[in-house]
Q: 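Once you've had a glance at the structure underneath, I'll fire off some questions.
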Amino acid sequence: MRAVDAAGWTCEGAKFDWEQERHFIRFDFEKGPWSKKPPHFIEFDRYPFEKLTIIALGSDGGHATRVYTFRDTQLGTSSLKSLAELPRLDEPTEAMVMVLDNGNWPEALVEGELVVEPSVRATAGVIHLFAALLCGLLLAPMIFDFVFFRALRENFPLFHAAFCIMASLQTAAVSGLLPLVSGLSFKAELIITYLSLDLMVIATFLFALTFVEPLHLTRRHKKILLGMVALTLLNGLSTTLFPEAFGLWIDHVYFGVFLILLAAYFAILGQARRHGSKMAPYLILGFAPLASIVVLQTISVYLPALGLEFDETWPQNFALLFEVIATALAVAERFMTLRRERDKALMAARDLEVLSELDDLTGLLNRRALEARYADLVRQGFHAMAVVDLDQFKAINDKLGHPVGDRVIRSAAWALSPGDEEDLIAFRIGGEEFLLLLRGKDAAQKAEGRRKAVTARIMAEVDEVQFPVTASMGYLDFKAIAAEPEANFETLYAQGDRLLYAAKCAGRNRTHSEVLGQVEDFAEHPRSVAA
């Protein structure tokens with residue numbers, strides 16, 4: 001039988017043995033898209049083989065041959081694709097015969113794509129240069145991780161750095177960059193490709209375990225995350241190192257376990273977010289693209305009839321880049337949060353050393369602390385003073401008793417306290433009178449906002465009070481004279497107290513302010529509020 005005799009290649013009704021050491025595959029070009037212009041390359045899934053012989057058969061009886069070993073084939077768009085150039089003839093090409101010796105997956109050639117122009121033009125094509133750039137971007141956050149670790153002595157930056165390393169290695173492996181620059185065997189490439197993904201997922205779980213605020217992760221959730229780390233490692237090692245133990249069910253086992261792990265991960269983060277975690281949304285958003293790709297792969301494995309098979313190489317690479325960026329932003333945010341918390345803790349420690357400067361009832365700084373710190377605060381830019389007094393407070397004590405009056409004062413103090421605001425400091429001067437020192441262009445608006453918050457806070461927290469408790473305020477902007485000797489505390493406080501008195505006389509529940517000698521009433525007129 002001549003090789004050009006197409007009728008002799010018909011295999012209908014025959015039982016094909018995929019386990020043979022040699023396979024013959026023929027592509028006929030007499031009809032179809034290749035009848036006028038034959039293809040020059042074949043792209044197929046990358047599997048190891050001993051030898052691939054490609055024979056071009058001409059319509060006039062001529063032939064040309066190319067022989068490849070596994071290492072001779074060019075990498076395609078990823079490490080999972082191979083590319084081989086077809087032999088060419090001077091006469092019309094009638095068929096292309098491929099002889100595969102000791103190949104594990106002859107189906108790869110049967111399902112190969114014949115093309116005129118290859119997807120990657122050179123051994124180190126643009127696609128590989130782009131992969132190298134992507135690997136660099138994935139590794140870049142490690143610099144900040146080590147800086148944050150040194151500053152915070154927390155473990156989560158190290159796990160984030162481990163994730164970046166594994167993400168970069170995974171990208172280099174699946175994009176064909178790793179086999180291009182290394183002399184690793186195909187088996188070693190596969191081990192790195194598979195295990196780098198599993199180790200990356202493990203780093204993700206450990207990062208979540210140490211990164212999410214401790215108050216929003218229960219002890220049970222922490223144990224589950226540790227169990228997920230162990231299960232991920234077991235799943236990856238068993239399916240990578242002992243694939244023969246699973247046979248044709250290997251993908252079903254691997255992706256089935258992976259899907260369970262993803263469901264548990266998002267369930268834990270979702271509960272942490274519902275409990276108020278500010279970090280959990282970063283992790284949910286960052287991992288969502290990669291998880292979506294895994295879900296699609298799982299569907300394609302369990303439901304092949306749906307035809308969802310696709311090349312996940314570059315979607316996965318971009319998903320990893322997205323996750324690295326999202327988690328890097330989260331690390332930076334957490335770093336700033338922890339730094340603020342530690343700054344506040346140091347501030348609190350200093351305050352504990354001067355307990356005599358704290359007001360026992362409200363916890364605010366008292367007048368002694370104000371007088372001791374006033375000059376330093378002015379040098380720091382606190383050039384606005386607000387004197388706040390509760391309206392008709394004596395009636396509360398007389399009608400509801402002093403315990404209720406104390407609770408009203410505490411609620412007012414909480415409304416006036418700075419919280420996270422660094423440009424405001426609150427003091428209790430005595431009785432129902434408070435003083436605020438402020439800085440910044442919006443100091444007047446901040447002071448007015450605190451004054452109005454007093455009424456709402458008292459109504460929300462003191463049930464015995466069935467009527468609105470308002471506050472009046474005298475506001476003084478002394479920025480223009482802050483450096484003058486006469487701008488001492490006693491003088492300015494006296495002026496602020498005078499403005500407060502003017503607000504009281506004008507009907508209460510308002511602010512009188514003075515800027516460089518100009519007086520202006522910024523407050524709303526009193527208005528009735530339903531009890």
Side-chain angles (χ1 to χ4, degrees), residues 15-21 23 44-50 70 78-82 100 102-112 166-167 169-176 178-179 184-206 224-266 287 290-313 315-316 319-320:
K15 184 177 180 181
F16 195 79
D17 186 0
W18 296 104
E19 303 299 326
Q20 290 292 327
E21 293 184 358
H23 296 87
F44 52 96
D45 290 342
R46 188 166 178 250
Y47 291 101
F49 58 83
E50 181 178 306
F70 176 68
S78 74
S79 64
L80 303 179
K81 295 290 184 179
S82 286
L100 182 67
N102 294 317
N104 292 342
W105 294 89
E107 302 97 317
L109 286 172
V110 174
E111 299 171 357
M166 290 299 108
L169 189 58
Q170 170 73 188
T171 298
V174 300
S175 302
L178 183 64
L184 295 173
S185 65
F186 183 72
K187 183 176 182 180
E189 290 176 26
L190 288 181
I191 291 175
I192 292 174
T193 301
Y194 296 148
L195 287 186
S196 61
L197 178 62
D198 296 310
L199 293 177
M200 182 182 66
V201 173
I202 288 174
T204 299
F205 294 159
L206 291 175
I224 292 175
L225 281 171
L226 289 175
M228 290 164 58
V229 169
L231 181 57
T232 303
L233 184 61
L234 177 62
N235 188 42
L237 289 176
S238 59
T239 54
T240 300
L241 301 181
F242 308 103
E244 63 280 355
F246 301 92
L248 297 177
W249 295 97
I250 184 169
D251 285 342
H252 294 76
V253 173
Y254 180 79
F255 285 104
V257 173
F258 213 147
L259 198 62
I260 295 172
L261 292 170
L262 289 180
Y265 179 74
F266 283 110
F287 202 52
L290 181 61
S292 300
I293 294 172
V294 172
V295 170
L296 290 176
Q297 288 178 287
T298 305
I299 293 175
S300 69
V301 169
Y302 280 86
L303 300 172
L306 295 179
L308 289 180
E309 293 186 5
F310 63 100
D311 185 355
E312 74 279 2
T313 300
Q316 175 181 296
L320 292 180

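Computed from a predicted structure; not experimentally measured. Every heavy atom of this structure was used, including side-chain atoms; hydrogens, water molecules and symmetry mates were not.
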Q: Is there a donor-acceptor contact under 3.5 Å from the side chain of Asp198 to the main chain of Leu233?
A: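 Flag not set: sc Asp198 to bb Leu233 has no pair under 3.5 Å.
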Q: Over 60° means perpendicular and under 30° means parallel, so classify the ring planes of Tyr254 and Phe258, tilted if in between.
A: perpendicular
Q: Taking atom OH of Tyr194 as the centre, does the number of heavy atoms from other residues, nucleotides or ligands within less than 6.0 Å exceed 12?
A: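 Not buried by this count: 12 neighbours or fewer within 6.0 Å.
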Q: Of all the heavy-atom pairs spanning Leu262 and Phe287, show the shortest one and how long it is.
A: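 It is CD2-CE2, 3.1 Å.
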Q: So, for Gly256 and Tyr302, which heavy atoms are closest and what is the spacing to 0.1 Å?
A: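 Minimum heavy-atom contact is CA-OH, 3.6 Å.
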Q: Would you compute the distance between atom CZ of Phe242 and atom CD1 of Ile250 and round it to the nearest 0.5 angstrom?
A: 11.5 Å
Q: Is there a donor-acceptor pair under 3.5 Å between the side chain of Thr240 and the backbone N or O of Leu237?
A: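 The answer is no, because no donor-acceptor pair under 3.5 Å joins these two groups.
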Q: Working to the nearest 0.5 Å, report the span between OH of Tyr47 and CG of Leu190.
A: 9.0 Å
Q: Measuring from Glu21:CD to Leu100:CG, what's the distance to the nearest 0.5 Å?
A: 11.5 Å
Q: Please find the pair of heavy atoms, one from Ser238 and one from Phe246, that lie closest to each other, and give the distance.
A: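 Where Ser238 meets Phe246 most closely, the heavy atoms are O-CE1, 3.4 Å.
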Q: Given the rule in the side-chain contact (heavy atoms from CB on, under 4.5 Å) test, do Leu109 and Phe49 qualify, once you have shown the distances and angles that lead to the verdict?
A: CA-CA 11 Å; Leu109 286 172; Phe49 58 83; over 6 Å; no
Q: Go through Leu320 and Met200 one step at a time and tell me if the side-chain contact (heavy atoms from CB on, under 4.5 Å) criterion holds.
A: CA-CA 10 Å; Leu320 292 180; Met200 182 182 66; 3.3 Å; yes
Q: Between OH of Tyr265 and OG1 of Thr232, what distance do you get to the nearest 0.5 Å?
A: 11.5 Å
Q: Write down the atom of Thr193, the atom of Gln170, and the distance for their closest heavy-atom approach.
A: O-NE2, 2.7 Å
Q: Determine the minimum heavy-atom distance between Val301 and His252, stating which atoms define it.
A: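 Here Val301 and His252 meet closest at O-NE2, 3.4 Å.
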Q: Write down the atom of Met228, the atom of Leu261, and the distance for their closest heavy-atom approach.
A: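 Of all heavy-atom pairs spanning Met228 and Leu261, the closest is CE-O, 3.4 Å.
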Q: Nearest 0.5 Å, what's the CD1-CG distance between Ile224 and Leu231?
A: 12.5 Å
Q: Let me confirm one number: the CG-CD distance from Leu290 to Glu312, rounded to the nearest 0.5 Å.
A: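 Result: 10.5 Å between the selected atoms.
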